[in-house]
Amino acid sequence: HVFNYFTCLLDRGGSKQAIFYSQKEVKYLSFNMHSCYNEPDYKKEGKVNCMIGYYNYTVILTYCSLISAIVGTHFAFEHNYVLALFCLMLCGFFDSFDGIVARSKKDRTEEEKKFGIQIDSLVDLISFGVYPAIIAYSMGFNSFPCLIIFIIYILGAVIRLGYFNVMEDMRQQQTEKRKYYQGLPVTSSSLIFPMIYCLTVWLKVPQVQFVYLIGLLVVGILFVANIKVIKPDFKGVLGLIGFGIILLIILIIKGVVLI
């Protein structure tokens, strides 16, 4: 049967409201299936969203960081720690600029801003919280004391990021720019652990692996330590990238694969 109009009943706060759509709209909705229907977006933007979330260029670098961590996990379990730590450094590189890219979009809604904050923290937990522990685990640190260290490190990252989200939500309501971080930022692991690995130039591999493990414990505690860490400005970020390039060159020259 063909109808010029049809009635869609929506539950709005316990009351039923009838909304009428034209035959053209009926065909469009039917083609995209009712499960894709989002009434507020449809009425405001004239379109149907088949996926939840916000899709624009502001989150691309954040997703690149996640992809880098996933690829690096593969290299870690292949015992190619040069490439695994290179991927960790890439995570830090992408994270350094994702905020700048996000703020370049001036017409972001409040929902898009909050979505970006949440996505950034979730990806940071994987890239800088879980991933460095995976690298250590793939080195052979799988005893119970080592697992305790992994737990401390990852819990520290979770607490640090959760606290950051709360404070960031409050800071969004202020105009003053943040000059300090409370606790060591989780993104610092993208430089700390490659730097530890570079000790293989002077120390034996087992010694460096042990230092890496102890580094996880110390860094995990610093994540939640009530200390102030200066937030680098744009020049500072470029300086950290330059330092990262130096570390990368050392890794390439050394070219050792820990087995």
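Since we're looking at a predicted model, the values are computed, not measured.
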Atom of [X], atom of [Y] and distance for their closest heavy-atom approach:
X      : Y      : result
Leu88  : Ser189 : CD2-O, 3.5 Å
Arg108 : Thr58  : CD-CG2, 4.4 Å
Ser65  : Cys91  : O-SG, 3.2 Å
Ala133 : Leu216 : CA-CD1, 4.3 Å
Pro194 : Met89  : CG-CG, 3.5 Å
Ala84  : Phe75  : N-CB, 3.9 Å

With hydrophobic residues grouped by side-chain heavy-atom distances under 4.5 Å, do [X] and [Y] end up in a single group?
X      : Y      : result
Tyr63  : Val101 : no
Tyr55  : Ile67  : no
Ile192 : Trp202 : yes
Phe164 : Leu122 : no
Ile135 : Ile196 : yes

How far does [atom1] of [X] sit from [atom2] of [Y], to the nearest 0.5 angstrom?
X      : Y     : atom1 : atom2 : result
Ile100 : Leu61 : CD1   : CG    : 9.5 Å
Ile134 : Thr73 : CD1   : OG1   : 4.0 Å
Asn80  : Leu85 : CG    : CG    : 9.5 Å

By ring pair (Phe, Tyr, Trp, His ring centres under 6.0 Å) - contacts of [X] (at least two apart):
X      : answer
Phe97  : Phe93
Tyr212 : Phe193
Phe210 : none

Residues in side chain to side chain contact (heavy atoms under 4.5 Å, CB included) contact with [X], at least two apart in sequence or another chain:
X      : value
Leu240 : Leu191, Pro232
Ile60  : Tyr57, Cys64
Glu111 : Tyr54, Thr109
Asn165 : Ile117, Gln118, Ser121

Could you tell me whether [X] atom [atom1] has more than 12 heavy atoms of other residues or ligands within 6.0 Å of it?
X      : atom1 : result
Tyr137 : OH    : no
Phe77  : CZ    : yes
Tyr180 : OH    : no

Tell me, please, which residues at least two apart from [X] pass side chain to side chain donor-acceptor pair (under 3.5 Å).
X      : value
Ser190 : none
Asp233 : none
Asp98  : Thr62
Lys114 : none

Task: side-chain contact (heavy atoms from CB on, under 4.5 Å) between Leu66 and Phe94, intermediate numbers included - done: CA-CA 9 Å; Leu66 175 62; Phe94 292 133; over 6 Å; no
Open item on the list: Any side-chain to backbone donor/acceptor pair from Tyr81 onto Met139? Under 3.5 Å, distance only.
Closed with: yes
TODO: Indicate yes or no: at least one non-hydrogen side-chain atom of Asp120 is less than 4.5 angstrom from one of Asp95.
DONE: yes
TODO: Please lay out, stage by stage, how Leu83 and Glu78 fare under the test side-chain contact (heavy atoms from CB on, under 4.5 Å).
DONE: CA-CA 10 Å; Leu83 290 180; Glu78 290 291 323; over 6 Å; no
Side-chain donor-acceptor contacts of residues 144-160 below 3.5 Å, not counting sequence neighbours, with atom names and distances?
unit_1	atom_1	unit_2	atom_2	d
Tyr153	OH	Phe128	O	2.5
Arg160	NE	Gln182	O	3.3
Arg160	NE	Leu184	O	3.3

TODO: Give the intermediate values and the outcome of side-chain contact (heavy atoms from CB on, under 4.5 Å) for residues Gln209 and Val205.
DONE: CA-CA 6 Å; Gln209 290 178 332; Val205 169; 3.9 Å; yes
